[in-house]
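Report on one structure; see the data block that follows.
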Amino acid sequence: MLKLFFLSCVAVLTLFGGTIQNDEQFKQAVLQMGKENKIVLMIYTTEDCPECAYMKSKVFHDKRVEPYMKRHFIVIEKNVHKSKLPDGYDFFGIPTMFFIDKAGNKKETIIGSKRPQPFLGELHRIRGIK
Amino acid sequence: MRALFLATVLGMTLSAYDAVHLKKALEEKECIGCDLRGADLSQRDFSGGDFHGSDLSKADLRGSIFEMADFNGCSLRSANAEGAVFWKGTLERADLRGIHAKGANFKGVHFNGSDLSRADMRDAKVWKADFTDTILAKTDFRGSELGGSKFSRTDLRTAKMKKTLLWQTRFSDVVMTKAQCAFAKKEEAIFDLNVTCR
């Protein structure tokens with residue numbers, strides 16, 4: 001009986017994604033930024049998503065985008081088929097990018113890919129959101 | 001005067017849908033082999049719908065969602081599908097001549113065997129779509145995102161591809177202009193077999 005109870009608890013805990021503040025990757029990102037006020041860019045991906053690959057390998061490393069991203073953002077990635085997704089961070093399409101401040105407040109959400117120049121514009125805009 | 005009257009009547013006849021079919025399409029999200037010419041299907045959710053073999057020429061599909069919907073063998077000739085979402089749907093062997101699909105979402109769509117002559121696909125999201133055996137005469141892909149899509153056994157020479165995203169787009173057994181080939185290579189497209197640049 002006790003074993004059954006224990007297993008049920010484990011199952012419930014496995015299904016429960018938890019808050020963003022309790023997400024390990026998010027916590028690591030916040031630790032990494034130290035006293036700096038960077039924004040966490042959490043991107044949802046899948047293996048068979050060329051748009052995700054485009055964002056990760058082209059746009060994030062674009063010569064105009066990369067320096068700005070390094071200065072003001074920390075990227076964490078979650079494969080929606082493999083990772084636990086935090087509560088309140090549902091998605092409609094892949095890739096979805098969530099922008100979250102240090103305290104765990106969602107500032108903005110972008111669905112789908114963007115080319116380097118418009119993406120950089122979005123990063124500037126999001127950074128300006130209070 | 002008589003000519004004007006006849007032209008008006010003829011125009012009305014050509015774009016008139018079957019009211020029963022429209023009712024079925026709106027209520028059931030399914031209407032197979034239906035007459036929906038010129039029908040208003042805009043700003044609605046038809047996800048998972050089945051319209052195969054239907055005539056939707058000149059229909060208004062603006063802003064509607066057709067996720068995983070079946071449009072195989074349909075006519076969407078000159079339909080207005082601006083901003084519509086066809087994510088993972090099938091549009092095989094469809095008549096898409098002159099469709100207005102600016103800003104529409106065709107991610108993962110199968111266009112195999114369809115005629116997209118003079119289709120307006122500007123600024124459309126067309127990631128990972130399949131254009132095998134399509135007719136692309138004067139198709140306007142300007143500003144659209146065709147990353148990861150596949151073009152096979154087709155002639156792209158008259159298609160407009162200015163500012164088109166072609167990252168990891170695959171080409172095989174296609175004919176392109178030299179300028180298109182150079183642009184595609186710059187965009188990191190993948191040239192498989194028998195790509196003719198002339």
Side-chain angles (χ1 to χ4, degrees), chain A residues 41-70 73 75 77-83 85 89-99 108-126, chain B residues 45-48 63-69 83-89 101-110 121-131 141-151 161-171 183-190 192:
Chain A
L41 190 176
M42 179 168 71
I43 180 168
Y44 280 3
T45 63
T46 60
E47 301 87 349
D48 59 342
C49 165
E51 261 188 290
C52 307
Y54 173 70
M55 288 307 293
K56 288 192 294 172
S57 66
K58 294 295 293 180
V59 179
F60 289 177
H61 295 292
D62 179 85
K63 63 178 185 234
R64 293 157 292 180
V65 174
E66 190 167 27
Y68 191 76
M69 273 187 75
K70 275 191 173 165
F73 295 84
V75 179
E77 181 184 351
K78 290 201 182 286
N79 182 317
V80 298
H81 294 152
K82 292 177 180 170
S83 308
L85 308 178
Y89 289 84
D90 299 330
F91 63 97
F92 173 71
I94 298 291
T96 294
M97 287 169 276
F98 299 101
F99 295 85
E108 187 60 287
T109 305
I110 294 178
I111 301 168
S113 59
K114 292 234 176 268
R115 292 178 212 235
Q117 196 59 52
F119 184 66
L120 183 59
E122 287 290 77
L123 293 181
H124 278 279
R125 183 183 65 80
I126 289 162
Chain B
D45 187 350
F46 293 98
S47 297
S64 279
I65 300 171
F66 298 97
E67 271 187 39
M68 301 180 92
V85 177
F86 293 91
W87 184 75
K88 284 196 173 175
K102 189 174 183 227
N105 185 323
F106 292 101
K107 286 187 207 174
V109 166
H110 292 263
M121 304 285 280
R122 283 176 297 157
D123 304 321
K125 294 258 189 186
V126 203
W127 288 83
K128 218 178 172 185
D130 192 340
F131 288 91
F141 285 117
R142 284 178 295 172
S144 66
E145 298 178 9
L146 295 165
S149 287
K150 175 184 164 188
F151 287 84
M161 300 179 90
K162 193 179 175 190
K163 291 187 179 172
T164 304
L165 193 153
L166 296 172
W167 186 74
Q168 300 285 297
T169 307
R170 302 193 87 98
F171 295 95
F183 175 69
K185 280 178 185 166
K186 196 177 152 204
E187 284 278 302
E188 298 178 45
I190 300 165
D192 290 329

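In what follows, chains are A, B, ... by sequence order, proteins preceding strands, each numbered from 1.
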What residues, two or more places apart in sequence or in another chain, satisfy side-chain contact (heavy atoms from CB on, under 4.5 Å) together with B:A184? B:L166, B:F171, B:M176, B:A189, B:F191
So which of A:A53, A:C49, A:G93, A:G112 has the largest heavy-atom pair count under 4.5 angstrom toward chain B? A:A53
For chain B and chain A, what donor-acceptor pairs lie under 3.5 Å, backbone included?
unit_1	atom_1	unit_2	atom_2	d
B:K107	NZ	A:E51	OE1	2.7
B:K107	NZ	A:E51	OE2	3.4
B:K125	NZ	A:S113	O	2.7
B:K128	NZ	A:D48	O	3.1
B:G143	O	A:R115	NH2	2.9
B:S144	O	A:R115	NH2	3.4
B:E145	OE1	A:S113	OG	3.2
B:K163	O	A:R115	NH1	3.1
B:K163	O	A:R115	NH2	3.3
B:E188	OE2	A:K58	NZ	2.3

Contact summary for A:P50 and B:G148, nearest pair of heavy atoms: CB-CA, 4.3 Å
